[in-house]
Amino acid sequence: MLDIRVVRDDLDKVKQALATRGVEAAVLDDLMRIDQQARTASTKRDELRAEINSISKEIAKLMRSGEVDSANTLREKSRAVGDELSQWESKASNLEAERRDSLLKIPNVPSEDTPIGESEADNVILRWWSPETGMHSGPEIELPPYSEHQRKPHWEIGGELGILDLERAAKISGSMFPMFRGLGATMERALSYFALDAHSDAFEEIRPPTLVRTATMVSTGHLPKFEEDAYRLERDDLYAIPTAEVPLTSLAKDEILKEEDLPVRLTAYTSCFRREAGSAGRDTRGLLRLHEFDKVEILAYTTPDQAGEMHAELLSRAESLLQRLGLTYRVLDLCTSDLGNSSKRTFDLECYSPGTGLWLEVSSVSWFGDYQARRANIRFRSSETNQIEFVHTLNGSALAWARIWAVIVETYRQSDGSILIPDVLRGYMRNIERIPSK
RNA sequence: GGAGAGGUGCCAGAGUGGUCGAAUGGGUCUCACUGCUAAUGAGUUGACCUGGGAAACCGGGUCCGAGGGUUCAAAUCCCUCCCUCUCCGCCA
């Protein structure tokens with residue numbers, strides 16, 4: 001959430017910045033009105049409490065010296081103040097709760113570098129890479145010449161080779177749940193091993209819980225605004241995580257870290273669960289959009305000064321995996337209207353799927369500033385000033401496997417219908433070179 | 001799931017209604033002393049909200065797992081919940 005003090009002090013600037021992502025100025029005016037009332041009420045409440053505190057001390061003194069009558073007179077007085085106090089207490093706590101609710105729903109202020117835009121069409125293509133042509137900057141993309149046998153969509157390939165069984169997955173769980181089989185399942189597993197090993201030079205590997213408390217979902221910004229998108233286990237009041245970002249961010253919840261321990265780098269492989277409530281009927285074929293998928297996430301806590309460099313590091317790690325897998329991709333700088341709620345700046349990586357002709361989002365690398373840290377209350381003590389500050393959080397997918405799986409089987413499909421396994425995965429797949437055709 | 005014990009500051013740990021933001025010990029940092037290290041002595045050391053101040057800082061409030069309640073007054077009494085530990089049951 002935003003720092004209420006920054007909103008107070010720089011109201012116009014905040015309004016202007018949030019307008020670029022479609023937040024109306026009235027929302028902030030309301031917040032300021034509530035804030036003013038809340039502060040008035042809590043000041044009044046604190047004054048009354050101070051009065052009762054001092055009367056109570058008086059009473060204690062009188063009791064000790066045996067002046068019971070005077071003590072009783074003061075008791076009466078204190079009780080009367082107490083009646084007034086309870087009104088202000090409830091007024092103040094209602095207003096404070098209202099202020100917090102409002103603050104929790106206001107998105108982050110975009111970074112100054114985030115391109116301003118009104119739809120995803122305004123996202124900026126920064127660069128693109130393919131194994132044939134290497135890295136190119138700018139939005140003009142020349143796709144490598146794909147052969148006819150690479151133009152088959154992955155769901156057809158998967159069915160044909162018996163490595164993807166969406167029909168039976170639907171029987172078990174419903175549509176938009178995947179089931180990999182045989183070497184298809186092995187390859188999906190290999191991808192995670194490959195990625196976790198690739199980050200092991202600098203990142204601590206975590207296997208977090210995938211069912212989390214409400215507070216954990218609030219910390220990352222997934223609640224209260226996006227309740228509809230999450231799977232909830234009502235009986236136990238738990239949510240299924242939509243990404244490992246959720247448990248990894250809350251790992252340090254309510255902690256004060258030492259500056260010398262920063263940056264903290266974490267990586268985790270988990271399943272991710274998404275209701276996809278708003279997207280019924282869109283991209284429903286194959287593995288394009290799923291209720292459950294596996295992903296390796298990389299995440300960092302940094303000082304504000306380290307954040308920029310870390311953002312670049314996370315992005316380059318995600319890109320490097322794609323390059324090692326030999327997949328054509330492009331890097332998008334998301335514009336203000338396409339930016340995630342909690343993010344200040346996000347780069348998306350999209351892989352080209354020759355079988356469908358679509359660019360598929362396979363990673364999203366974001367810098368959240370202190371927005372999540374404020375919600376999760378993650379701080380650090382500066383070693384120079386000894387002051388306590390909020391950390392910055394950053395994270396990225398590296399990578400989301402279902403879509404990568406789809407792009408691999410399409411890209412690596414041979415003219416005989418078999419699939420060549422990317423070199424970097426073979427070590428994790430019993431050194432098998434290809435998934436044979438049927 | 002059942003029975004019991006417990007959750008206090010950076011850590012350990014005392015505190016069963018007022019003088020308790022909290023003894024004591026350890027750690028931290030500062031100073032003194034010692035040729036160095038060590039030891040010793042003195043001091044220091046919480047977070048959050050809010051008002052004032054350029055700031056240092058000063059005032060008020062809150063916080064002893066969380067939320068309610070009793071009381072003039074709650075770490076302390078009552079209720080609910082969460083968590084940890086021990087035993088029993090169940091179980092991959």
Side-chain angles (χ1 to χ4, degrees), chain A residues 1-9 31-104 207-219 223 232-239 247 250-262 271 370 373-391:
Chain A
M1 72 195 149
L2 300 181
D3 184 350
I4 186 84
R5 276 168 287 214
V6 169
V7 183
R8 277 176 207 149
D9 296 346
L31 174 66
M32 284 299 94
R33 202 196 65 242
I34 295 163
D35 178 53
Q36 193 48 253
Q37 291 173 356
R39 279 191 294 163
T40 305
S42 61
T43 300
K44 185 74 187 165
R45 177 197 60 196
D46 289 350
E47 283 168 6
L48 293 171
R49 279 180 179 165
E51 195 177 342
I52 288 178
N53 286 343
S54 87
I55 293 175
S56 292
K57 275 182 191 148
E58 256 334 278
I59 291 174
K61 226 182 277 175
L62 292 170
M63 292 299 282
R64 268 194 299 270
S65 60
E67 298 171 65
V68 178
D69 288 348
S70 315
N72 283 337
T73 310
L74 281 184
R75 265 186 203 156
E76 284 306 318
K77 186 176 170 195
S78 183
R79 205 170 310 168
V81 177
D83 288 344
E84 198 187 347
L85 170 63
S86 67
Q87 289 174 29
W88 284 101
E89 274 180 337
S90 71
K91 212 175 282 186
S93 76
N94 287 340
L95 284 161
E96 282 166 354
E98 205 180 327
R99 177 174 64 187
R100 184 176 165 79
D101 289 349
S102 159
L103 215 42
L104 281 177
R207 185 28 262 230
T210 49
L211 298 180
V212 300
R213 298 172 187 282
T214 303
T216 309
M217 291 284 279
V218 171
S219 291
L223 287 179
R232 179 171 176 208
L233 286 78
E234 203 165 342
R235 179 207 275 261
D236 299 293
D237 199 22
L238 291 168
Y239 288 85
S250 284
L251 194 93
K253 185 172 171 61
D254 294 324
E255 293 186 25
I256 299 174
L257 308 171
K258 291 193 208 117
E259 179 169 358
E260 50 269 35
D261 291 338
L262 297 176
S271 295
D370 63 8
R374 241 170 237 291
R375 288 171 164 247
N377 194 29
I378 305 169
R379 297 170 293 172
F380 74 99
R381 192 179 292 277
S382 156
S383 39
E384 303 106 78
T385 65
N386 214 33
Q387 293 296 299
I388 293 172
E389 292 178 57
F390 287 103
V391 301

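Protein chains get the first letters and strands the later ones, always in sequence-line order, with residue 1 at the start of each. Just so you know, these numbers come straight off a predicted model, no measurement behind them.
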Exercise. So what does the secondary structure string of RNA chain B come out as, 5' to 3', with Watson-Crick or wobble pairs under 3.5 angstrom, [ ] for crossing and | for pairs with another strand?
Worked result: ((((((((.[[[..)..(.....]]](.((((.......)))).)(((((((....))))))).[[[[[..)....]]]]])))))))....
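At distances below 3.5 Å, not a single donor-acceptor pair connects side-chain atoms of A:Ser102 with backbone N or O atoms of A:Glu98. Listed for the A:Arg375 side chain is a donor-acceptor partner under 3.5 Å among the backbone atoms of A:Leu104. A:Arg381 contributes no side-chain N or O that, together with a main-chain N or O of A:Lys258, makes up a donor-acceptor pair within less than 3.5 Å.
The side chain of A:Ile388 approaches B:C48 more closely than any other nucleotide in the set B:C82, B:U62, B:C48. Comparing atom distances between the A:Arg381 side chain and each of B:A47, B:U50, B:C83 picks out B:A47 as nearest. The side chain of A:Ala60 lies closest to B:G18, out of B:C83, B:G18, B:C49. Checking B:U62, B:C72, B:U50 against every side-chain atom of A:Arg49, the shortest atom distance belongs to B:U62.
Comparing the P positions of B:U70 and B:C63 gives an interatomic distance of 16 Å, to the nearest angstrom. A distance of about 45 Å separates the P atoms of B:G41 and B:A54, rounded to the whole Å. The same atom, C1', is picked in B:A55 and in B:A14; the two are 40 Å apart, to the nearest Å. Atom name P, nucleotides B:C82 and B:G67: the rounded distance is 15 Å, in whole Å.
Residue contacts for A:Arg379: at a heavy-atom cut-off of 4.0 Å it reaches the sugar-phosphate backbone alone, with no base atom in range. Backbone-only engagement by A:Ser78 is indicated by non-hydrogen atom pairs under 4.0 Å involving sugar-phosphate atoms exclusively. The residue A:Arg8 sits close only to the backbone: its heavy atoms come under 4.0 Å of sugar-phosphate atoms, none of a base. Within the 4.0 angstrom heavy-atom criterion, only backbone atoms of the sugar-phosphate kind lie near A:Asn53; the bases stay farther away. Nucleic acid contact class of A:Ile59 (heavy atoms, under 4.0 Å, all strands): base.
Around the CZ atom of A:Arg100, the shell of radius 6.0 Å holds no more than 12 heavy atoms that belong to other residues, nucleotides or ligands. For A:Lys253, the NZ atom counts as densely surrounded, since its 6.0 Å shell holds more than 12 non-hydrogen atoms of other residues, nucleotides or ligands.
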Contacts table for residues 75-88 of chain A: side-chain donor-acceptor under 3.5 angstrom, sequence neighbours left out:
unit_1	atom_1	unit_2	atom_2	d
A:Arg75	NH1	A:Asn72	OD1	3.2
A:Ser86	OG	A:Asp83	O	3.0

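Each of A:Lys57 and A:Ile256 was matched to the nucleotide of RNA chain B holding its nearest heavy atom; the match closer to the 5' end belongs to A:Lys57. The residue among A:Met63 and A:Arg39 whose nearest nucleotide of RNA chain B lies closer to the 5′ end is A:Met63.
Taking atom CD1 of A:Ile55 as the reference point, atom C1' of B:C72 lies 8 Å away to the nearest angstrom. A:Ile52 places its CD1 atom 9 Å from the P atom of B:A74, with the value rounded to the nearest Å. Per the geometry, CG belonging to A:Asp254 stands 12 Å off P belonging to B:C48, to the nearest Å.
Using a 4.0 Å cut-off between charged nitrogen and carboxylate oxygen, A:Asp237 and A:Arg232 count as a salt-bridge pair.
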